[in-house]
Protein chains: 2
Amino acid sequence: MRETDDRIFDAALSVFARKGKDGARMQEIADEAGISKALLHYYYRSKDQLYEKVFEHVMSRLERSFGERLMKAGSFEEVLGSFIAGYVDFVRQNLDVMRLMVNEHLTGSPVVAGRLRTIMDSSETMPTVVFVRRLEEAMERGEVRRVDALQMLITVMSSCIFFFIIFPTIRAIHPLAATDSDQFIEARKQHLTDVFRTSLLTSQEQAGEDT
Amino acid sequence: MRETDDRIFDAALSVFARKGKDGARMQEIADEAGISKALLHYYYRSKDQLYEKVFEHVMSRLERSFGERLMKAGSFEEVLGSFIAGYVDFVRQNLDVMRLMVNEHLTGSPVVAGRLRTIMDSSETMPTVVFVRRLEEAMERGEVRRVDALQMLITVMSSCIFFFIIFPTIRAIHPLAATDSDQFIEARKQHLTDVFRTSLLTSQEQAGEDT
DNA sequence: GTCTATATCTCGATAGAC
DNA sequence: GTCTATCGAGATATAGAC
């Protein structure tokens with residue numbers, strides 16, 4: 001059996017992610033961790049401190065994710081494919097992290113924006129940072145047509161993340177998602193890679209056009 | 001000064017959207033509506049009933065939005081442009097509606113999925129329904145290359161919605177969003193229309209390829 | 001470290017005056 | 001219709017035994 005500390009952490013992340021900071025109940029976290037409410041307070045004096053801790057950890061998990069893999073990619077086409085696959089997999093394996101971040105944004109907690117800015121600036125291996133740099137380089141070389149690189153980043157990220165949020169609804173409208181979600185997710189990676197590759201890569205026959 | 005009823009409704013939508021159903025506080029709603037907590041209970045017996053009412057209204061607002069406009073569009077290229085512009089504008093003008101729906105999904109409330117299914121089936125003027133049908137027709141005619149129409153819908157919707165969720169972060173990384181958000185949003189419509197048009201429309205020189 | 005029991009506070013909801 | 005005051009449930013947090 002794992003350390004109590006770990007179980008608390010996972011339970012807290014899960015509950016905070018679903019209910020938000022205010023909606024979360026200490027009792028629910030304790031239950032999910034299989035301990036008493038008192039013990040929960042023994043480890044973390046208050047709900048605020050527990051949330052703080054969870055949020056810290058989430059941010060660091062985001063920071064060191066799959067950036068290195070991207071650095072190694074050769075062509076921008078490879079970068080695009082790796083970014084999409086890596087991002088989708090990361091979100092799938094860290095659903096609660098994603099939910100927590102979304103919740104943070106919805107509640108308008110001022111913490112997020114400032115922190116993300118710092119991370120984006122500092123970490124040279126942040127996948128998002130690598131993606132933008134590689135995209136800009138590829139535009140320079142004429143490998144891809146000219147677009148606003150940051151807008152492109154936002155578009156690709158949105159497409160990789162948002163469907164996880166509304167998955168219950170997607171289940172209701174897409175047959176494959178209902179029957180085999182893993183297969184649906186793989187199909188989605190394919191679809192996204194295809195859509196954005198087709199949109200970006202300049203072939204000889206296709207003249208570049210900008211905004 | 002508007003009807004008390006209206007003020008309550010707007011306040012409730014706003015607070016529920018930010019905090020979720022559990023996280024929302026009746027006191028906060030009362031404050032935002034500029035009335036006492038007691039009066040709030042006078043209008044709506046319980047928090048559950050208030051939430052129910054708000055949710056009902058939100059769903060109906062989604063249902064009859066900008067579907068008619070889409071029906072009139074001629075080519076699929078027009079459909080695409082109208083859908084993106086219409087969707088982005090709808091979300092911008094109904095931010096709380098979007099937040100509420102996202103919150104519903106995060107909390108795993110079973111209400112959403114079932115309801116959306118019904119709406120998607122029933123309403124022939126739902127923008128999303130129109131979009132998918134028009135896309136499929138355009139593929140038949142060879143006006144656009146073959147893709148999974150539902151995946152495409154998800155991708156376009158994601159790109160139109162998600163950036164509103166993470167707007168605080170976007171402010172921190174995109175200069176235009178920080179200085180003039182309206183202008184940023186217009187630029188985003190342009191970007192999305194461009195990206196997906198380029199990806200989908202088959203020109204003579206460009207052979208269709210599928211998943 | 002972990003529990004049960006309890007103190008303390010906050011929230012949803014009601015009573016009753018105006 | 002609107003308020004102040006308050007009840008009772010349920011939440012966070014603490015005390016104290018093991």
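Labels below follow one simple rule: chain letters A, B, ... track the order of the sequence lines, proteins then strands, and each chain is numbered from 1. Everything numeric here is computed off the predicted structure, so don't read it as measured data.
Note: CG (Leu40(B)) to P (dG1(D)) measures 15 Å, nearest angstrom. Regarding Lys47(A), its NZ atom lies at a distance of 12 Å from the C1' atom of dG10(D), rounded to whole Å. Between Leu39(A) atom CG and dC18(D) atom P the separation is 18 Å, expressed in whole Å. Glu3(A) has its CD atom 14 Å from the C1' atom of dT2(C), to the nearest Å. Rounding to whole angstrom units, NZ of residue Lys37(A) and C1' of dT8(C) are separated by 12 Å. Atom P of nucleotide dA9(D) and atom CG of Asp48(B) are separated by 17 Å, given to the nearest angstrom. At whole-Å resolution of the value, CG in Leu50(B) and C1' in dA13(C) are 13 Å apart. Atom-to-atom, OH of Tyr44(B) to P of dG12(C) comes out at 17 Å; the value is rounded to the nearest Å.
Comparing dT14(D), dC3(D), dT2(C) by their nearest atom to the side chain of Arg45(A) picks out dT14(D). If you check dG12(C), dG1(C), dT12(D) against the side chain of Tyr43(A), the one that comes closest is dG1(C).
Distances shorter than 4.0 Å separate some side-chain N or O of Thr4(B) from OP1 or OP2 on dT2(D). Contact check, His41(A) against dA13(D): a side-chain N or O comes under 4.0 Å of OP1 or OP2.
For Arg145(B) and Thr198(A), the side-chain atoms include at least one donor-acceptor pair closer than 3.5 Å. Checking Ser14(B) against Arg18(B) by side-chain atom types alone, a donor-acceptor pair falls below 3.5 Å. Side-chain contact, Asp5(B) with Tyr44(B): a donor N or O sits under 3.5 Å from an acceptor N or O. One side chain, Gln27(A) or Asp31(A), offers a donor N or O that lies under 3.5 Å from an acceptor on the other.
Along DNA chain D, the nucleotide nearest Tyr42(B) and the nucleotide nearest Ala38(A) are compared for position; the residue whose nucleotide lies closer to the 5' end is Tyr42(B).
Here Gln49(A) contributes atom CD and Tyr43(A) contributes atom OH; the two are 15.5 Å apart, rounded to the nearest 0.5 Å.
DNA chain D lies under 4.0 Å from no heavy atom of any residue of residues 17-32 of chain B.
Closest approach of Glu28(A) and Lys19(A) over heavy atoms only: OE1-NZ, 3.1 Å.
For the pair Arg92(A) and Phe164(A), the cation-pi test (distance below 6.0 Å, angle within 45°) is failed.
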